[in-house]
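In what follows, a structure is listed as structure tokens, so that the remarks can point back to it.
None of these values were measured; they are calculated from a predicted model. These numbers come from the heavy atoms of this one structure, side chains and all, not from hydrogens, waters or symmetry mates.
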Amino acid sequence: MKIAYVCYKDGQFGNTVKSEDEILFNYLIEKGLNIATVTWTDPDIDWKDFELVILKSPWDYFEQIDNFYAWLNKLVGLGVRLLNPPATIKWNSDKHYLNEIDEAGLPVIPSIFLEKNEFPDIAVYFERLKTNKIIIKPCVSAGSVNTFKVAQEETSEWNSKLKELLKNEAFIVQPFVDEIQTDGEYSFLFFNGKFSHHVLKKAKEGDFRVQSSYGGSIHTPEMSSDLIDQAQQYSDKFAKDCLYARVDGIIRNGKFSLMELELIEPFLFLAQNENSYQNYYSAIKDLLILHTEEK
């Protein structure tokens, strides 16, 4: 079976990401997989040459979302299997998915959606969310691109800014979560529905973005089985048949609340756990066995 390993081509998102992609690729080669690194935007790729496509790090998907959807549809039409499944990827590409998770009864950071060409008064959202700071970010985005922290005293200034932003796309408004700065954001990694490992991401002093490109740091504290079980619920219900799922959130009073469910191109923090590469490979192997049995 020939496998396409879809990565990002020019590494603008940082050497750490590139390193994880390369190390994992080499590990899978050593395990005997017939795998080739490609980009989803390469016009010279004949996707019929591949029986399976692993979506590892297509970091630019949100910048060309319509083309990305068209590419997903093309793979489906060709009968090429994609991990994660195309329908799940489309669902996860727009943060409106958080509504569905909330409606399922799983804890989610409160979210209000501002649709394209809506021009609301931002002041009402501080009141509705019972906070004096909010986070505003696009519904289709990644890596904290166009993500802003807005204080209540900046309402007048941000009403005009938000009006301009909403001319182009929909946005999500959430309360600023103090735990991000005090405790950090947790990521739980699941491969084929099985828990692999976790990390704690902390923002640098004075910032709220936990990504390493913004100066964030990575830690691996002890984790209780109860909190792992809480994170597992999101994977079980919304990441079925997925090679990978990253469940991101905060812990407040011993309870986990979701910030993002990452099913398209998450950094997997494989270097933070000695068993992670084997866990990833085992998940591929199990999914391939299932794929063969279904044919």
Got F50 and L78 here, is their nearest side-chain heavy-atom distance under 4.5 Å? no

Whichever hydrophobic residues join I101 through chains of side-chain contacts under 4.5 Å: W91, Y97, L98, L106, V108, F113, I172, Y186, F188, F190, F195, L200, M223, L227, I228, Y234, F238, V247, I251, F256, L258, L261, L263

By the salt bridge (Lys or Arg N to Asp or Glu O under 4.0 Å) test, which pairs, at least two apart or in different chains, include something from residues 88-98? K95-E260

Min side-chain heavy-atom separation P58-T41 under 4.5 Å: no

Quick check: does any side chain N or O of E154 sit under 3.5 Å from a backbone N or O of N159, one acting as donor and the other as acceptor? no

Within-4.5 Å side-chain heavy-atom neighbours: V53 and Y5: no

Side chains of I135 and F148: closer than 4.5 Å at any heavy-atom pair? no

Any salt bridge (Lys or Arg N to Asp or Glu O under 4.0 Å) involving residues 155-178? Give me the pairs, sequence neighbours left out, ordered by first then second residue. E157-K161, E164-K167

Can you list the residues that meet the side chain to side chain contact (heavy atoms under 4.5 Å, CB included) rule with V199, with sequence neighbours excluded? S187, K201, I218, T220, F269, Q272

Any donor-acceptor pair under 3.5 Å linking the side chain of E20 with the backbone of L270? yes

List in chain and number order the residues that pass salt bridge (charged side-chain N to carboxylate O under 4.0 Å, His left out) with R128, two or more places apart in sequence or in another chain; answer none if no residue qualifies. none

For K255, all residues meeting side chain to side chain contact (heavy atoms under 4.5 Å, CB included), sequence neighbours excluded: Q230

Does Y244 use its side chain to pair, donor to acceptor, with the backbone of E262 at less than 3.5 Å? no

Kindly say whether L243 contributes a backbone atom to a donor-acceptor pair with the side chain of N84 at under 3.5 angstrom? yes

Strictly under 6.0 Å, is that where the ring centroids of W40 and F68 end up? yes

For the pair R246 (side chain) and F267 (backbone), establish whether a donor and an acceptor sit closer than 3.5 Å, ignoring hydrogens and angles. yes

Between E51 and K2, is there a side-chain N and carboxylate O pair less than 4.0 Å apart? no

Consider side-chain contact (heavy atoms from CB on, under 4.5 Å). Of V6, I284, V38, L82, which one does I54 pass it with? I284

Got a donor-acceptor contact below 3.5 angstrom from the D60 side chain to the E63 backbone? no

Check whether any side-chain heavy atom of L129 lies under 4.5 Å from a side-chain heavy atom of I112, and answer yes or no. yes

Does any part of the side chain of Y281, heavy atoms only, come nearer than 4.5 Å to the side chain of L33, both counted from C-beta? yes

CG on N67 to NZ on K74, rounded to 0.5 Å: 11.5 Å

Under 3.5 Å side-chain donor-acceptor pair for S111 and Q174: yes

Provide the full list of side chain to side chain donor-acceptor pair (under 3.5 Å) pairs with a residue in residues 188-198, sequence neighbours left out, each pair given once. S196-N279

Steps toward side chain to side chain contact (heavy atoms under 4.5 Å, CB included) verdict (T88, C242): CA-CA 8 Å; T88 300; C242 285; 3.9 Å; yes

Qualifying residues under ring pair (Phe, Tyr, Trp, His ring centres under 6.0 Å), relative to F171, sequence neighbours excluded: none

Just grab all the salt bridge (Lys or Arg N to Asp or Glu O under 4.0 Å) pairs involving residues 106-124, residues at least two apart or on different chains. none

Return yes when atom CD of E153 has more than 12 non-hydrogen atoms of other residues, nucleotides or ligands closer than 6.0 Å, and no otherwise. yes

Tell me every residue that passes side chain to side chain contact (heavy atoms under 4.5 Å, CB included) with I29, counting only those two or more places apart in sequence or in another chain. F25, I35

By side chain to side chain contact (heavy atoms under 4.5 Å, CB included), which residues pair with D46, not counting sequence neighbours? K48, D49

Under 3.5 Å, side chain of T131 to main-chain N/O of K133, donor-acceptor pair present? yes

Test: side chain to side chain donor-acceptor pair (under 3.5 Å). Region: residues 25-35. Which pairs qualify, not counting sequence neighbours? Y27-Q278, K31-Q278

Do I136 and I122 come close enough that some side-chain heavy atom pair is under 4.5 Å? yes

Does the side chain of L28 come within less than 4.5 Å of Y280's, by heavy atoms? yes

Nearest-0.5 Å distance that lies between atom CZ in F62 and atom OG in S93: 12.0 Å

